[in-house]
Amino acid sequence: MAAQKSTGRLRIVAGKWRGRWIDVPSAAAVGRVRPVTTRVREAIFSALATSGASRFENMRVLDLFAGSGSSGLEALSRGAQHATFVERDAQTAACLTKNIVALSAANCCCVLQQDACLFVQQRGRAYDLIFVDPPYPLRLPQQFWQQLSALLQPQGLAVLRCHKESPFALPDCYKVVWQRNYGDMMVLFVGVGSGTV
C-alpha cells in the first residue's frame, strides 16, 4: 500500500503506550474518517474498565470501520491480547498499518483491507470487545447486526458510535447496557443475551 499522509495526531490515553501518538489519516479531512477525540476515548475506556484494571487483559478485540485504529490500539495498550482491524479504504488502512509499526505492535494485530459488512458474514471467530464506528451517512442493515451478534462472546460488549439524531436500529437480541451523548455523537455499549455484563 502507498504511504498515506496524515492530517493530525491522537494520543493514547493509558496503558503500556500511554502518551504515545498515532497518526490520523488524511481521509479525516473530507469526513470519511471521524477519529474519536482523546477526551471521548478516555470516557469510553473508563466506563469499560469499571469492573477493574484487569478488564482488558487477554481480550480479543475487533475494530470495524477502523480508521486510525485508535480504539483497538487503546484496548491493546490496556492489556488486550489481540486486535483485528477492518478498514475498506486502502490509504486509511496504510496509515493504520504505519501506526501499528510505530508501536511495534505487529505481533498482536491484524489489518484487513475489507468491507466491514462482508467481514461480519464470516463464522468461526469470537471477540470479547467489538468497536463499530461507521461513517455517519452509512445505514447498516439488520442483517449486519444479526451477523455481528454471532461474533460476540456471551460476556462480550460491542461499542457503537453514531449520530444522536440517527441511532442504529438494533435487533431485539441486543441489550443496551450503557449510553452517553458527546455533542452530536451517541456512544452505546451493547451485549447479546442474558450473559451481558
Side-chain angles (χ1 to χ4, degrees), residues 10-23 35-36 38 40-88 92-116 118-134 144-145 147-161 174-175 177-178 187-197:
L10 289 173
R11 181 175 54 85
I12 292 179
V13 176
K16 63 184 176 183
W17 299 322
R18 180 180 179 179
R20 295 284 299 272
W21 294 86
I22 60 173
D23 288 337
V36 182
T38 299
V40 173
R41 193 160 17 92
E42 185 170 16
I44 290 171
F45 276 85
S46 293
L48 285 170
T50 54
S51 64
S54 65
R55 168 142 184 112
F56 299 99
E57 289 183 7
N58 302 318
M59 276 191 171
R60 297 188 66 80
V61 177
L62 174 61
D63 194 347
L64 297 172
F65 310 96
S68 66
S70 62
S71 295
L73 291 171
E74 185 76 43
L76 287 170
S77 182
R78 293 170 184 248
Q81 180 184 51
H82 188 273
T84 298
F85 299 88
V86 180
E87 171 56 54
R88 181 177 63 179
T92 302
C95 183
L96 168 55
T97 300
K98 179 182 173 184
N99 287 331
I100 290 169
V101 171
L103 294 170
S104 300
N107 64 328
C108 58
C109 296
C110 175
V111 178
L112 302 176
Q113 187 190 328
Q114 185 177 0
D115 184 275
L118 294 177
F119 177 86
V120 298
Q121 296 175 17
Q122 303 176 35
R123 300 294 181 184
R125 304 186 187 197
Y127 299 91
D128 304 290
L129 183 62
I130 300 177
F131 295 96
V132 182
D133 186 14
F144 171 88
W145 297 111
Q147 292 166 338
L148 183 76
S149 69
L151 299 181
L152 194 61
Q153 292 277 24
Q155 298 290 335
L157 285 176
V159 178
L160 317 181
R161 190 162 69 117
Y174 287 95
K175 176 184 177 182
V177 297
W178 187 88
V187 178
L188 306 168
F189 296 174
V190 301
V192 178
S194 57
T196 301
V197 294

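Computation of the quantities below employed the complete heavy-atom set of this structure, encompassing side-chain atoms and omitting hydrogens, waters and symmetry-equivalent molecules.
When all heavy atoms of Phe85 and Gly72 are compared, the closest pair comes out as CE2-CA, 3.7 Å. Contact detail for Leu96 and Gly69: the closest heavy-atom pair is CD1-CA, 3.5 Å. Nearest heavy atoms, Phe45 versus Ser71: CZ-O, 3.3 Å. The minimum heavy-atom distance between Asn99 and Ser68, with the atom names listed, is ND2-O, 3.2 Å. Across Glu87 and Ala66, no two heavy atoms sit closer than the pair OE1-N, 3.5 Å. The shortest non-hydrogen separation linking Leu10 to Ser70 is CD1-CB, 4.1 Å.
With rounding to the nearest 0.5 Å, the separation of CZ in Phe189 from CG in Leu129 is 8.5 Å. Atom-to-atom distance recorded for Gln122:CD and Leu151:CG is 8.0 Å, nearest 0.5 angstrom. Summarising the geometry, atom CZ belonging to Phe65 is positioned 11.5 Å from atom CZ belonging to Phe119; distances are rounded to the nearest 0.5 Å. Atom CZ in Arg41 sits 10.0 Å away from atom CZ in Arg161 (nearest 0.5 Å). The line from CG of Asn107 to CD1 of Ile100 is 10.5 Å long, rounded to the nearest 0.5 Å. To the nearest 0.5 Å, atoms SG (Cys109) and CG (Asp63) are separated by 10.0 Å.
When side chains are defined from C-beta on, Arg78 does not count as touching Leu48, because their heavy atoms never get closer than 4.5 Å. Using a 4.5 Å heavy-atom cutoff, the side chains of Ile12 and Leu103 are in contact. Contact check for Tyr174 versus Val192: side-chain heavy atoms found under the 4.5 Å cut-off. Looking at heavy atoms from C-beta onward, Val61 lies out of side-chain contact with Leu76 at the 4.5 angstrom threshold.
Distance alone, capped at 3.5 Å, places no donor-acceptor pair between the Ser77 side chain and the Leu73 backbone. Although no hydrogens or angles enter the test, the distance criterion places a donor-acceptor pair under 3.5 Å between the side chain of Glu74 and the main chain of Ala14. Side-chain N or O atoms of Asp128 include none that pairs as donor or acceptor with a backbone N or O of Gly156 at under 3.5 Å.
Checking Val120, Val190, Leu160 one by one against Trp145, the side chain to side chain contact (heavy atoms under 4.5 Å, CB included) holds for a single residue, Leu160.
Remark: Arg88 pairs with Asp115 by the salt bridge (charged side-chain N to carboxylate O under 4.0 Å, His left out) rule, at least two apart or across chains. Applying the ring-ring contact (aromatic ring centres under 6.0 Å, His included) criterion to Trp17, with sequence neighbours excluded, gives no partner residue.
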